[in-house]
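Worksheet: one structure, shown below.
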Amino acid sequence: MSGEARERRTVFDEFFASADVGEDEFVTLHLGEDSLTLPFMVEPVFLIPMSFLHDLGVGATMSFDLVFAAAWEAVDPLGRYGPSPAFGAQVLAALGGNPQRADADSRRHLRLALTALGTFRGKGLRRHEGRAYLELGRALERCRRNPDALTAYERGRALLEEEGDRHGLRAAHARLALVMGSIGLYEQSLLHAEAGQRIGRGLTHAESAGQPALGHTHITATLHFRRVRALMRIGFLDEAQSALDDWRGDPGGGTDRYELLATTGELRLLQERNAEAVEALVDAVDARFANVGTASLPVRTHYLENSVELFGKATGAALHIGRPDLAAGLLAAMTGRRPRRPEGPAPAALHPLDQEIRALALRATRAAVAGDAGMLSVHDDRARILLEARDSLLHGMHDDGARTPLTVADLTRAIPRAVGPGELALAYARSSENELVVLAVTEGTVVSRKAELPADQLEKLVTLALQECLRRTEPATVHRLGHALLAPVADLLAGASRVFVTAQGPLADFPFHAAPFNGRPLVRHAEVRSLPSLGLLASAGAGAGAGAGAGSRSARPHRPGPPRALVAAVGRPAYELLPPLTMLRTEAEAVRTAFPAAGALHDERATATAVLAAVESCDVLHLAGHAAFAAEHPNMARILLADRPLFAFEVATAGAAPRLVNLSGCRAGAERRHLGGEGEGLAASFLAAGTDIVVAPPWPVRDDAALAFNSVLYAELARPGREVGAAVRSAQLALLADPRFAHPGLWGAFAVLGGL
């Protein structure tokens, strides 16, 4: 850490010598000279704000991901001193060290890469300039500007070759091989991959004796991968097999065998050795996600987004050999890796972070009241970093090595066991042939069906269907789309009394319970629950202790007697000019009637502090009021309480959570969903904190509809032994039978989200 002597001067030495920077503002992190094998590093050091370390607490252990999250934190304060070479070096470390964060905002990525490049020009820092071109090329790729990316990589390659930077030059060839392959120039891709390998062989003997340097193995694997892939695309399968054997026998190829297994599976498909292909692809999925059980959401999302092709090939191959059960296990694996947070009170080392989260809530309140979308985005980014840091430290403190993630084989076995008599689980997925495939799990078996309409046409219909729900117009598209989605499994639905539905992409927003079955909404035939992933079924079917790789923390333990309930409602917060919600008191009385001992926080008593305390102490929480959500900053999703809003990022850090949360606010169920089903938003934060089930509308609802729904819901929940899903269905049916609320945009807005 700080105070370490460096063997040579860096641009950071010059920065501290020339800028009026307080000695205690930044701490220097020294990764060592081997860090220069990483193409995004131009110096073996970078800076971390002292405030960031203070937030983490004394004695905190910093993971690799957390270190580079800290690098991000220093970019803005460092930029206040002007665009110096030190700023450029910091930006490159922050961007390259956090590809999942850089990719989240491609325009910002491009802007920062251009700025970093400009800080090195004209200062004799040609190696720095060359590596900056590599980062610029990566940013241009994310902006879908491949020709410009090629130009950037070529300029970087020329500079790095002149400077004799062989690590950087090898990385440039790897990036050129990747882009050439992505645009179909396979011969050129092959040439660059082989050029990079020649450089690597020289490095292996001359500079990397013993243990390979920090970034050496990753580039080695990438070059092998691009070479084999190019040969496959050209059609030279025998040569591709030989190149694959070279890769397998290379001791410098690293211990991460994901790309090797994935490439092996793809080659076996081309060789029409389908059973071997499936085995290799499944092993690749397990290898890809073996070490992300405690990773942050951006890391998990980055892994998933870069594994779409792998999952597509694996599920397609599984279906081709007649293994729909294995295809279901693969779909579950996409979100079966969500980490489980350790139970129990937060350690004292987390207190500084929790204080910073509370301080951020106050700053976010000012931005929300001012309607400052720009600052809300800034605060959203800060919230995500704080949540990453908190989760990383939690897992580091509780990691006993006993938790092993569920493999695809585990998930494949568990899913059919989890679906009981009278139950049906449906998972909708898009195939590489643009078909919508429905995997149906029932009575211990998994079957595969195809929809009649193409997947992209069905996804376009979702937008029209949701517009009909929002505008309360004739629901013709709701009926058409719903019929197309349910028709392939109509015979299975006939015997189901409970249906679990998992859908990805735009289809995740469709109200399946309103889809027509035998001429009537599906909810008239069966209880319908929305699951983000088959992984939740798998964790239940795997038995006790199997949820380590699939679920979040357990909710509050069951206690004897009636559940402890609390209602909090704010009809009109004083800090916003909004219409009063006049029916909230009446709505709250429905809760008190069902649960006479329930606590109540009305208007000025419903403060953020009081509600957060209730989140950690009650079993049933009814939270009513105005809510806000924007996909651009989902962690700023909020419900407006008496003194300030309660934000999603605050809820996600709760030490415990109610078993049931009913969010009675417009769009309180809206979220930004990531590939695989995991979401960010108010409802998603309660689920992340450990809530079993959330009832929340994804679009605006009328006050009278909410009152009618909740009156029936809580009357049903008061019945001994009544399950939440069945109670919600009764309330949905009651609204459907009332002519005032018969449109699916009204009764269909109330859905069950979350677990079993």
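Numbering of residues begins at 1 and proceeds along the displayed sequence. Reckoned from all heavy atoms, side chains included, excluding hydrogens, waters and symmetry mates.
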### Task
Under the side chain to side chain contact (heavy atoms under 4.5 Å, CB included) rule, collect the residues that match up with Q355, sequence neighbours excluded.
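Partners of Q355 under the side chain to side chain contact (heavy atoms under 4.5 Å, CB included) test: R358.
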Name every donor-acceptor pair, under 3.5 Å, that has one atom in a side chain of residues 359-373 and the other anywhere in the protein, sequence neighbours excluded.
unit_1, atom_1, unit_2, atom_2, d
R363, NH2, E356, OE2, 3.0
T365, OG1, A361, O, 2.8
D372, OD1, G374, N, 3.2
D372, OD1, M375, N, 3.1

Flag the pair [X] and [Y] as a salt bridge only when some basic side-chain nitrogen lies within less than 4.0 angstrom of an acidic carboxylate oxygen.
| X | Y | answer |
| --- | --- | --- |
| E716 | R719 | yes |
| R585 | E587 | no |
| D619 | R659 | yes |

### Approximate separation, where rounding is to 0.5 Å, of H622 NE2 and L660 CG
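Going from NE2 on H622 over to CG on L660, the span is 10.5 Å.
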### Task
Sort and list the pairs that fulfil side-chain hydrogen bond (donor to acceptor under 3.5 Å, both in side chains) and have at least one residue in residues 470-486, not counting sequence neighbours.
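Passing the test, one end in residues 470-486: E468-T477.
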#### Entry: Partners passing ring-ring contact (aromatic ring centres under 6.0 Å, His included) against F595 (at least two apart in sequence or in another chain)
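Checked F595 against ring-ring contact (aromatic ring centres under 6.0 Å, His included); zero matches.
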### Under 3.5 Å side-chain donor-acceptor pair for Y714 and N662
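Note: Y714 and N662 side chains meet the donor-acceptor criterion.
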### Message
What I'd like to find out is whether the side chain of S530 reaches to under 4.5 Å of the side chain of F500, using heavy atoms alone.
### Response
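The answer is no, as the side chains (C-beta and beyond) never meet within the 4.5 Å cut-off.
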### Query
Do the rings of F512 and F510 sit parallel, tilted or perpendicular, given the 30° and 60° boundaries?
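Plane angle over 60°, so perpendicular.
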### Task
Spell out, as yes or no, whether a donor-acceptor pair under 3.5 Å connects the side chain of T691 to the backbone of P658.
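Side chain of T691 to backbone of P658, a donor-acceptor pair under 3.5 Å: yes, one is there.
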### Set of residues satisfying side-chain hydrogen bond (donor to acceptor under 3.5 Å, both in side chains) with respect to R673, sequence neighbours excluded
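side-chain hydrogen bond (donor to acceptor under 3.5 Å, both in side chains) check on R673 returns D509, E671.
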Which side-chain N or O atoms in residues 723-738 pair as donor and acceptor under 3.5 Å with protein atoms at least two apart or in another chain?
unit_1, atom_1, unit_2, atom_2, d
E723, OE1, R498, NH2, 2.4
R729, NE, V523, O, 2.8
R729, NH2, V523, O, 3.2
R729, NH2, R524, O, 2.9
S730, OG, R722, NH2, 2.8
S730, OG, A726, O, 3.2
Q732, NE2, F750, O, 2.6
D738, OD1, R740, N, 3.0
D738, OD1, R740, NE, 3.3
D738, OD2, R740, NE, 3.2
D738, OD2, R740, NH2, 2.8

